[in-house]
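Since the structure comes first, as structure tokens, the remarks are kept for the end.
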Amino acid sequence: MAKIVGSIVTSHVPAIGRAIAGNLQNEPYWKPFFDAFPPIHRWLDEVKPDVAVVVYNDHGLNFFLDKMPTFSVGAAPQYHNADEGWGIPTLPPFTGETELSWHLINQLVNKEFDLTSCQEMLVDHAFTLPLKLLWPQEGACPIKVVPVCINTVQFPIPSASRCYKLGEAIGEAISAWDSDARVVVIGTGGLSHQLDGERAGFINKPFDLQFMQSLVDNPKWATQYTVEQLVEHTGSQGIELLMWLAARATIKGEVRALQNTYHLPISNTAAGVMLLEPLA
Amino acid sequence: MAEQQRVSIPGTTLFDDIQAQKGYALNKMCFSFNDKANRDAFKADEAAYCARFGLNPAQLAAVQSRNVLQLIAAGGNVYYLAKFAGIFGLDVQDIGAQQTGMSKDEFKQKLLNAGQ
């Protein structure tokens, strides 16, 4: 059966893409963030995952308001990205692991997660940048991928508790996949930030730090909050912590944090990076 | 059916069913800016491009003003509006400064202060 080797959660701010493209990793503004990654690269070299399941949120590249699935799973042989309207650099397409995609879709629907399957799916910066941070080499991303997208564009947005349960179900499905693949689960987004309204620029460092600690000590901690309360505590886009929560929940039992970085600001965002490894 | 309880957070518009319906045409136009050809068409003839999407008067005025708070009030969703802002080379810090009535440097300082 397939094995989850760990979970990596990271912010996905578009400006990271510009920093990579401009080779700014060692600039004082960027260094504390990019310094989180060499130890993770060494870990990836050691554990050698074959597949990445990436839990992310689309920002209006693939999904419009005409059809807005709460949860969707990519089942494409290949995933393309685009300039998203800002002329940002695009990356080579990503290769899908369709066998795992369909296994997840079958298992999750069977467990009453009525998700949307996507045989064509454009992936945006929330998907591409974390993969580029983890596998920075030139050319195409070296491992296969399965995108899992959670709606954070339009209310109603699924609750923290529901996203946690989705993560648990994804974890169980991966562990029941008849394959010897090694799977890493990536959660992208956050942490606290708000782009819109008079409250733009809102950041909540104490809450972020408590949330990060909770992923190790008490992973269901954030499920006590409604999505509206999460907006209040973390900003309208801070609710992207839902992706971190789902990714963490794929690991049954305790974890240790092999990497834990918090740095702000990156653009308008408090950025975090964690590498969580199962203890069992 | 019981009235859905609406949550109020100062300086924040939750993009809910009301906003999603109100802003549909505006957001649809902004979504189209994912394609460069559409951005170019907008730049070439703004009025004609807006007309294709049937924006209402408030949305038209908001687009003309380039004012983000006004665009949000007209039903705009920030993720789609970001693509509109991209046409003018504005990043999220420009937008943040505009919405909070600060200079961009002041807005950046506010973010830095949040780390203290």
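Each chain gets a letter, A, B and so on, in the order the sequences are listed, and its residues count up from 1. All values derive from a computational prediction rather than experimental measurement.
Relative to the ring axis of A/Phe202, A/Arg199 places its NZ or CZ within 45° and under 6.0 Å from the centre.
The one candidate from A/Thr269, A/Thr234, A/Asn204, A/Asp208 that meets the side-chain hydrogen bond (donor to acceptor under 3.5 Å, both in side chains) condition with A/Ser192 is A/Asp208.
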Problem set entry | Working for salt bridge (Lys or Arg N to Asp or Glu O under 4.0 Å), residues A/Asp83 and B/Lys36 | CA-CA 9 Å; A/Asp83 81 1; B/Lys36 184 173 183 301; over 6 Å; no

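Top candidate by heavy-atom pairs under 4.5 Å with chain B, chosen from A/Leu195, A/Val227, A/Thr226, A/Ile88, is A/Leu195. Ranked by heavy-atom pairs shorter than 4.5 Å toward chain B, the options A/Glu232, A/His193, A/Gln237, A/Glu84 are led by A/Glu84. Contact count against chain B (heavy-atom pairs under 4.5 Å) is highest for A/Leu65 among A/Asp58, A/Ile203, A/Leu65. The candidate with the highest count of non-hydrogen atom pairs below 4.5 Å against chain B, out of A/Gly60, A/Pro14, A/Ala15, A/Ser236, is A/Gly60.
A/Lys165 NZ: 12 or fewer foreign heavy atoms inside a 6.0 Å radius.
For B/Thr13, the part lying near chain A is the backbone, with the side chain staying farther off; criterion is any non-hydrogen pair under 4.5 Å.
With hydrogens and angles left out, the side-chain atoms of B/Ser32 and B/Tyr49 include a donor and acceptor closer than 3.5 Å.
For residues 118-133 of chain A, an interface with chain B (any heavy-atom pair closer than 4.5 Å) does not exist.
Using a 4.0 Å cut-off between a side-chain N of Lys or Arg and a carboxylate O of Asp or Glu, B/Arg66 and B/Glu46 qualify as a salt bridge.
Between A/Trp244 and A/Met212, the closest side-chain pair of non-hydrogen atoms falls below 4.5 Å.
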